[in-house]
Amino acid sequence: MSQRLLLSFKGGRSTKSLPFSSFCCKLYSSRSCNEVLSNGVASRKKEKDFEHLFKSCTKIYILKCLHALLVVSGKAQSIFIGTRLGNLYAHLGDVSLSQKTFCMIENKDAYTWNSMISSYVRNGNFRESLNCLNEMLSTADVKPDFYTFPPALKACGNILDGARIHCWVSKLGLEWDVFVAASLVHMYCRFQSSNVAFKIFKNMPFRDMGCWNAMISGFCQNGNAIEALSLLNEMRLEGIKMDSVTIATVLPICAQLDDIVHGMLIHLYVIKHGLELNVFVSNALINMYARFGELRHAQKVFDDMIVRDLISWNSLIAAYEQNNVPEKALKYFHEMRVNEIQPDLLTIVSLASSTAQTKSFHCCRSVHGFILRRCWIQEDVIVCNAVVDMYAKLGFIHCSRKVFDEMPIKDVISWNSMISGYAQNGLASEAIEIYNMMKKCDDVAPNQGTWVSILPAYAHLGALREGMRTHGHVFRVALNLDIFVGTSLIDLYGKCGRLDDAMSLFYEVPRMSTVPWNAIISCHGIHGNGRVSLKLFNDMLGEGVKPDHVTFLSLLSACSHSGLVDEGKRYFHMMEQEFGIKPVLKHYGCIVDMFARAGRLETAYRFIKSMPLQPDASVWGALLGACRIHGNVELGKLASDNLFEVDPENVGYYVVLSNIYANYGKWEGVKEVRSLARDRGLKKTPGWSSIELNNKIEVFYTANQSHPQCYEIYEELSILTAKMKSLGYTPDYTFVLQDVEDDEKEQILTSHSERLAIAYGILNTPHRSPLRIYKNLRVCGDCHNVTKLISKITEREIIVRDSNRFHHFKDGVCSCGDYW
DNA sequence: TTAGGGTTAG
């Protein structure tokens, strides 16, 4: 029977794996193996005749059957058959069998050695492949040929290995083989030596597509996008057409150079030459369109693909994730699963980020669970970082911290994610704590991402001294003029009240992008220098920098803080009409704030009513805040009613409404709001102020009685109050929100946390030195007046930053001109 | 018969 099977197998159906596999199974199970061998496999005369049998081996078990037959017949040790078997095992992914088979071969020739080297490389065992090469080179009777070096060059872990192999290549005169030369080019580019690679490339007498592609991709990998494009042009001039590899290489640089026209022209070329069937090309097109935010084009490319691989799915999911369309990203993740495509680590990274965008804690837990079940948390630091980032973006910072603390390995991005997670959730002190922990780790060095995360935390707390020390670090690693780090420094100096330093830094960093402009416009804005902000905006246009939506946020907020209502209106219209930027809720919020601050509460209210978007808490919050300043109970109540609906959990709004009632002595209203907040389980955020002294940040809560210098602080404050009264100060009791007697009201005002911090600063710093205070809530009107007077009495600059803006007190006046 | 050059990331 086996004999018949073998004969039928020989008779024409041999190239199909199924008949052959069934043949093998039957053969294996039959007890007459020897008989078959003597009549079938073993009786064949030429080794070459095995070729079609080898071709049929598409599954490991089939190959094992054939191998068994060949071992029995004594043919497996022959160089041709043994090497072929070893190669087949390597192709089918069984490395250990591949290695065993090679080792069985006696008197290996170059073909066997070459096959062994490439088999190791194919399976990622680079060290072993280089050992193999060394052994081959030391074997006297074997001569390496042009098949030997390309895989070995791929295996080089450093440029020294590569240069050593280059020497052998030159010695054997193989340098000008196109495959070898392309591999050399690729190797040198991998180790950032594109100049050496280019020299080899230029000297080649003949170049095939592989060489051109190796050089172009080498330039791309080393960030030399311009050189890559000029080489592409040279290739075109020589009449060589781009192939699918060229296109997959070049598309990413179109995105890098922000050149969508070039990218679309290449897409046309792809269509014209029928290259869209290549999965690499289509994947690169999806990625290119995604970078430009052209999701419809990306989707069309994906839809038209006949064959899709994991990267195609990952690219589409990432396209939606990076362009903030999480629903679609999740939809395609689901579809991918339906199509039984197994996600990989990169899928999960996009998934985690998309889930964070949905703001659904439940979904995030599912993603975390999915990752835990696959044990990826232990295996991959990138996935862990994505989870840390996911929870942080959702505001569940304690979950981030838990994942972070349990990470087996932390890299610099893990630390950066945790620092920026805290900083972005307003927890600047915690961000600094993590940064300090990071500094103690020897195996991790801060990078650009670290500085852009930690500097805003210092800026937030007004921790100028620590910020300046970090500026020193940044300077030493030559990142001070990096556009993002430089901008963070501008922001730091600006927010710490050092506008002159911010300006000098601003003129040092590259100013081609909006980023530093936005920062400096905003810095002047929060200091009440609205006119300077407007001038900077015009300078920006003059230098040919196109403003973005953040520029207008900074600008409108500057107008709002300086009472420049007409200018604000003008720029708001200009934004859409001249620059085509559609205002989002934050822009509307600025305009409401601008009208309301200026006392035009009715206009602000009418503006809200005319908005095409549903107003959110920030819009109503702006109106409410101004109602408190301008004392409009009726509109304040209306704004609060809306706020209690859109953001019922934010205790701040209840406090402001109760303040408005209290100012007018409407104690019934106060009682009502307080009980409403209590019923909803909300507690007032305690007010606190901080001051940085001797590299330590000292925090004072309102009416703090437990500070070691408590007695001196209150003593100092009472001396100051007496001096202020002699200058005509009378306490403004409208800022006392409790229904108590006047002397108690004065006591309450005196114990406001910013005053405690100021007194502490006066007691512990040299005469006339400036004081920098940060307050977590808004500074009250009475404290504002008091700080002005203290600045005069003590001849000190006092810079107070509160949750709303900046107050720079000097010689009894505030930079905001009492307009805030 | 063994070989080179390509697409996705926190």
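Only a predicted model underlies this, so the values are computations on that prediction, with no experimental measurement involved. As a basis for the values below, the full set of heavy atoms in this structure was taken, side chains included, without hydrogen atoms, waters or symmetry mates. Note on naming: letters A, B, ... go to the chains in the order of the sequence lines (proteins, then strands), and numbering restarts at 1 for each one.
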Which nucleotide in the set B:dG10, B:dT2, B:dT7 lies at the smallest distance from any side-chain heavy atom of A:His91? B:dT2

Check every strand shown and say whether A:Phe149 touches a base, only sugar-phosphate, or nothing at a heavy-atom separation below 4.0 Å. nothing

Sequence neighbours left out, what passes side chain to side chain donor-acceptor pair (under 3.5 Å) with A:Ser118? Give chain and number order. none

Give a yes/no answer on whether the side chain of A:Lys154 brings an N or O atom under 4.0 Å of OP1 or OP2 in B:dG4. yes

Return yes if the base of B:dG10 and the side-chain atoms of A:Asp411 contain a donor-acceptor N/O pair under 3.5 Å, otherwise no. yes

Describe the nucleic acid contact of A:Glu321 in one word from base, sugar-phosphate, nothing, applying a heavy-atom distance below 4.0 Å. nothing

Tell me the interatomic distance from A:Ile286, atom CD1, to B:dG6, atom C1', rounded to whole angstroms. 15 Å

Give me each pair satisfying ring-ring contact (aromatic ring centres under 6.0 Å, His included) with a member in residues 231-257 of chain A, each pair once, sequence neighbours excluded. none

Give me the residues of residues 448-457 of chain A where at least one heavy atom lies under 4.0 Å from an atom of DNA chain B, by number, or none. none

Nearest to side-chain heavy atoms of A:Asn114, which nucleotide of B:dG6, B:dG4, B:dT2: B:dT2

Give the rounded distance in Å between these two atoms: CG of A:Asp344 and C1' of B:dA9. 10 Å

Rounded to whole angstroms, how far apart are CH2 on A:Trp168 and C1' on B:dA3? 19 Å

With sequence neighbours excluded, what pairs up with A:Arg122 under the salt bridge (charged side-chain N to carboxylate O under 4.0 Å, His left out) test? none

Check: B:dG6 base within 3.5 Å donor-acceptor of A:Asn278 side chain: yes

Interface with DNA chain B, restricted to residues 100-110 of chain A and to heavy atoms under 4.0 Å: none

Is the phosphate of B:dG6, meaning OP1 or OP2, less than 4.0 Å from a side-chain N or O of A:Ser217? yes

Please state whether the base of B:dG5 and the side chain of A:Asp243 form at least one donor-acceptor pair under 3.5 Å? yes

What nucleic acid atoms does A:Asn314 come within less than 4.0 Å of, heavy atoms only: base, sugar-phosphate, or nothing? base

What residues, two or more places apart in sequence or in another chain, satisfy side chain to side chain donor-acceptor pair (under 3.5 Å) together with A:Ser353? A:Glu321

Residue pairs passing the ring-ring contact (aromatic ring centres under 6.0 Å, His included) test with at least one member in residues 199-252 of chain A, sequence neighbours excluded, are A:Phe198-A:Phe219, A:Phe201-A:Trp212

Take the protein atom CD1 of A:Ile240 and the nucleotide atom P of B:dG5, then report the distance between them rounded to whole Å. 19 Å

Which of B:dG6, B:dT2, B:dA9 is nearest the side chain of A:Thr249? It is B:dG6

For a quick check of understanding: with a heavy-atom distance under 4.0 Å over all strands, which category does A:Ser244 fall into, base, sugar-phosphate or nothing? base

So, is A:Arg291 near the phosphate of B:dA9, with a side-chain N or O under 4.0 Å from OP1 or OP2? yes

Please state whether the rings of A:Tyr332 and A:Phe302 are parallel, tilted or perpendicular, taking 30° and 60° as the class boundaries. perpendicular

Would one find a side-chain N or O of A:Arg122 under 4.0 angstrom from OP1 or OP2 of B:dA3? yes

Result for side chain to side chain donor-acceptor pair (under 3.5 Å) between A:Thr83 and one of A:Asp109, A:Thr101, A:Thr112 points to A:Thr112

What does A:Cys211 touch in the nucleic acid at a heavy-atom separation under 4.0 angstrom: a base, only the sugar-phosphate, or nothing? base

Tell me whether the side-chain N/O atoms of A:Gln322 come closer than 4.0 Å to OP1 or OP2 in B:dT8. no

Could you state the NE2-P distance from A:His186 to B:dG4, rounded to the nearest angstrom? 10 Å

To the nearest angstrom, the CH2-P distance between A:Trp113 and B:dT2 comes to 19 Å

Atom-pair distance (CG on A:Asp389; C1' on B:dA9), nearest Å: 12 Å

Taking the side chain of A:Arg84 as its heavy atoms from C-beta onward, which of B:dT1, B:dA9, B:dA3 lies nearest to it? B:dT1

Is the distance between the ring centroids of A:Phe396 and A:Phe361 less than 6.0 Å? yes

Output the single nucleotide from B:dA9, B:dG4, B:dG5 whose closest atom is nearest the side chain of A:Ile382. B:dA9

If you check every side-chain atom of A:Pro150, which of B:dG5, B:dA3, B:dT1 has the closest atom? B:dA3

As a test of reading the structure: which of B:dG6, B:dG5, B:dA9 is closest to the side chain of A:Ala248, going by heavy atoms? B:dG6

Could you name each residue pair satisfying salt bridge (Lys or Arg N to Asp or Glu O under 4.0 Å) that touches residues 207-232 of chain A, not counting sequence neighbours? A:Arg207-A:Glu238

Among B:dG4, B:dG6, B:dA3, the one nearest any side-chain atom of A:Ala182 is B:dG4

Who pairs with A:Arg337 by side chain to side chain donor-acceptor pair (under 3.5 Å), at least two apart in sequence or on another chain? none

B:dG6 base stacked by A:Phe280 (centroids within less than 5.5 Å, tilt under 30°): yes

Steps toward ring-ring contact (aromatic ring centres under 6.0 Å, His included) verdict (A:Trp415, A:Tyr435): CA-CA 8 Å; A:Trp415 290 96; A:Tyr435 174 62; 9.7 Å; no

Send over the distance from A:Asn222 CG to B:dG5 C1', rounded to a whole Å. 15 Å

Given A:Tyr188 and A:His166, is the ring-ring contact (aromatic ring centres under 6.0 Å, His included) satisfied, shown in steps? CA-CA 10 Å; A:Tyr188 279 114; A:His166 190 177; 5.5 Å; yes

Remember a base hit wins even if backbone is also touched, and classify A:Met215 as base, sugar-phosphate or nothing at under 4.0 Å, heavy atoms. nothing

